[in-house]
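Below is one structure, written out as C-alpha cells; comments come after it.
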Amino acid sequence: MKLVYKVEDKPQPKDLIVFAFQQVLAIMAATIAVPMIVGHGMSTAAALFGAGVGTLVYIFFTNKKSPVFLGSSFAFLGSMAAAFASAPSDNAGFAGLLLGAIFAGLVYVVFALVIKSVGTDWVNDLMPPVVIGPTVAIIGLSLAGNAVGDLQTSSVSGQTTQWAVLCGLVALLATMLASTYGKKNVKLIPFIIGILAGYIVAAILTFIGNATGNEAMMITDFSPITGLVANGVSLKTFFAIPDFTFIKAAKGLGEISGGYIATIAAAYIPVALVVFAEHIADHKNISTIIERDLLEDPGLNRTLLGDGVGSMVGAFFGGCPNTTYGESVACVAITRNASVATIFVAAIECIFISFLSPFVAFISSIPSCVMGGVCMALYGFIAVSGLKMIKKVDLEKNKNLFVVSTILISGIGGLSLTFGSITITTVACALILGIIVNKILANDPDAR
C-alpha cells in the first residue's frame, strides 16, 4: 500500500488541521465511552484532555516515529470499577484511579527496561506472523458486535430501529465513496465525510419524527447541545474547564488505606500484563502498514515507555489509563496518511476541544448509529490488516493451520476468562492460546 503521507511528512497547515480532526473523530467514541460506562461523575472532557496529553508523551518517547493515537483503554474497565467499588468514597475512588494507572504504567516501564537489555528477538520468536496475524484480525473482528449494535440503535430511545440502520449505512456508504472515489484531500478525510452525511440524515429524520410524533424516527439526542443554554447563556456555554481527576483524587488521598492500595495493585497490574500483548499486536500491525518495523526503530522499549508514561499522565487528568488505538491504526491504513504531525495536531485538538463546550456537546450528540456505520469500516480494516499478515504464512502445513484456527475461533467465539475482578480479554486469550499452540507444535516435522 503506497502511503500518501509518510511518517515524517508534514501536510500543509490547513490540511493538517482537517486530517487531525478526522483522527479525533476516529478515536472519539471509544475514548469518551470509558468514563461514561464507569460513571461516578467521571468527565468525558477530562478523558479527551488526558488522551491528548498522553499521546503527546507517546510521540515524545517514540521520537516522532510512530503514527498512533492513545485513548481510554477498555481493558481496564473492570479495574476502574473495582477502584470505586472498594473505595470508602468517590473521591477516594478517583485517587484509586491514579494509583492504578501508576501501577499499570510501571509494568510497562519495567518491561521497557528489560527489553532494552535483552532485545526484541524473543518477541519475534514468541509472536511470529502465524500468531500475530490472526490476533490482529481478532482485534477488529471482536469489535464487530459493537459496531453492528451501535449501527442499529437510536440515541434517543436506545431501541433498535430501521431508521438508525439507515443513518449508519449512509455514514458507511459516504465513507467508502469518499475513500474510493474522492479527489485529492476528500480521499484523505472519508470519516469526516461519512460522519457528517450520517449526522445530517439523522438530524432530518429526528426533526420529522418530532413533528409527526414518530418515535422510531427520533435518532439524534440533541440534549448535549440544548443543555448548553438550558439555564441561560453564560461563559460555560462556550468555555469550561474539565473536571480533572487529580483535583478529586487530592480530596480522597487521606481516606486511602494499605489494604485499598493492595486491592488496586491486584486489579490493575495483571491487566497491564495482558494489554502488553495487545500493545505488541498493534505495533506489529502499524509496522506492516507503514512498512517500518517500530519494534526495531524507535524500538519496543520506547513504544512501551511512551504507552506506559503516556497512560499515567493521561490518567492524572482524565482517570482512564490509555492504550494505542486500533481505530487510529485503521484510520492511517484507510487514508494512507501516516504523518506523525497529523497525530500530534490531533492530540492538540483533543486538548483544545476539551475546553470548548460547544465542541464537546456536538461530539456527544453524534448518534451511535452513525459512529457504528463508520466503525464498520474502521474495525473491518483492522481485521483485514491481520488477514494480510496471514498471507505470508504457509497454510499448507498443519501446524500453521492449527495456530491460525485456534486464534480465530477462540477470538470470534468471544473466549475470555475472569478471575475475581481481573478479566483476560478475548484478544489476550486468543493470543495466549495461539502462542501455546505454536510452541507445542514447534517440532512438527511438516513445519520444517
Side-chain angles (χ1 to χ4, degrees), residues 27 30-62 68-77 79-84 86-87 89-110 112 240-256 260-261 263-265 267-269 271-272 275 279 303-325 343-344 346-355 360:
I27 61 89
T31 297
I32 66 176
V34 172
M36 291 173 67
I37 292 170
V38 175
H40 294 277
M42 291 192 69
S43 168
T44 55
L48 275 178
F49 186 97
V53 173
T55 299
L56 292 179
V57 171
Y58 174 82
I59 291 172
F60 170 77
F61 274 99
T62 55
V68 179
F69 198 97
L70 270 59
S72 307
S73 174
F74 277 77
F76 288 97
L77 278 174
S79 306
M80 296 169 71
F84 282 108
S86 306
S89 69
D90 272 359
N91 284 335
F94 279 98
L97 294 182
L98 296 191
L99 286 173
I102 292 172
F103 282 128
L106 288 176
V107 169
Y108 275 36
V109 172
V110 170
I241 298 175
D243 293 325
F244 292 127
T245 296
F246 71 87
I247 296 175
K248 295 181 178 180
K251 300 175 182 177
L253 285 175
E255 304 175 52
I256 291 178
Y260 179 68
I261 294 174
T263 298
I264 295 298
Y268 274 83
I269 291 176
V271 178
V275 177
H279 173 97
T303 65
L304 282 170
L305 278 174
D307 203 343
V309 178
S311 185
M312 286 189 278
V313 174
F316 180 78
F317 293 100
C320 307
N322 290 335
T323 188
T324 50
Y325 258 25
I343 303 296
F344 178 86
I348 297 297
E349 287 181 358
C350 266
I351 294 171
F352 183 66
I353 288 171
S354 69
F355 289 92
V360 174

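Because the structure is a prediction, the values reported are computed rather than measured.
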Between M80 and P321, what is the shortest heavy-atom contact and its length?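 So the two residues come closest at SD-CD, 4.0 Å.
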What's the spacing between S73 OG and N322 CG if we round to 0.5 Å? 8.0 Å
If you measure from CZ on F246 to CG on L253, what distance do you get to the nearest 0.5 Å? 12.5 Å
Can I get a per-line list of side-chain donor-acceptor pairs under 3.5 Å for residues 36-51, giving both atom names and the distance, sequence neighbours left out?
unit_1, atom_1, unit_2, atom_2, d
H40, ND1, D90, OD1, 3.0
S43, OG, A45, N, 3.3
S43, OG, A46, N, 3.0

May I have the step-by-step check of side chain to side chain contact (heavy atoms under 4.5 Å, CB included) for I351 and L56, ending in yes or no? CA-CA 10 Å; I351 294 171; L56 292 179; 3.8 Å; yes
Around atom CD1 of I241, are there more than 12 heavy atoms of other residues, nucleotides or ligands at under 6.0 Å?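 Open: at most 12 neighbouring heavy atoms sit under 6.0 Å from CD1 of I241.
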Within 6.0 Å of CZ in F344, more than 12 heavy atoms from elsewhere: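 Result for CZ/F344: open.
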Using the test ring pair (Phe, Tyr, Trp, His ring centres under 6.0 Å), find all partners of F76 that sit at least two apart in sequence or belong to another chain. Y268
With sequence neighbours excluded, residues passing ring pair (Phe, Tyr, Trp, His ring centres under 6.0 Å) with F60: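 Here no residue qualifies.
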Show which side-chain atoms of residues 303-310 pair as donor or acceptor with protein atoms under 3.5 Å away, not counting sequence neighbours.
unit_1, atom_1, unit_2, atom_2, d
T303, OG1, H279, NE2, 2.9
T303, OG1, L300, O, 3.0
D307, OD2, H279, ND1, 2.8

Please examine the side chains of I27 and C350, heavy atoms only from C-beta on, and report whether any two atoms are closer than 4.5 Å.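 Sidechains of I27 and C350: in contact.
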Residue pairs fulfilling side-chain hydrogen bond (donor to acceptor under 3.5 Å, both in side chains) with at least one residue in residues 310-321, sequence neighbours excluded: none
Taking only distance into account, with no hydrogens and no angle test, what donor-acceptor pairs under 3.5 Å do side-chain atoms of residues 92-109 form with protein atoms, sequence neighbours excluded?
unit_1, atom_1, unit_2, atom_2, d
Y108, OH, V275, O, 3.4

Report the relative orientation of the aromatic rings in F317 and F244; use parallel for angles under 30°, tilted for 30 to 60°, perpendicular for over 60°. perpendicular
Keeping the roles fixed (side chain from T55, backbone from L70), state whether a donor-acceptor pair exists under 3.5 Å. yes
Can you sort out the partners of Y58 under side-chain hydrogen bond (donor to acceptor under 3.5 Å, both in side chains), two or more places apart, ordered by chain and number? S66, H283
Residues in side-chain hydrogen bond (donor to acceptor under 3.5 Å, both in side chains) with T323, at least two apart? none
Sole candidate of K248, E255, K251 that passes side chain to side chain donor-acceptor pair (under 3.5 Å) when paired with S89: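 With S89 as partner, side chain to side chain donor-acceptor pair (under 3.5 Å) holds for just one option, E255.
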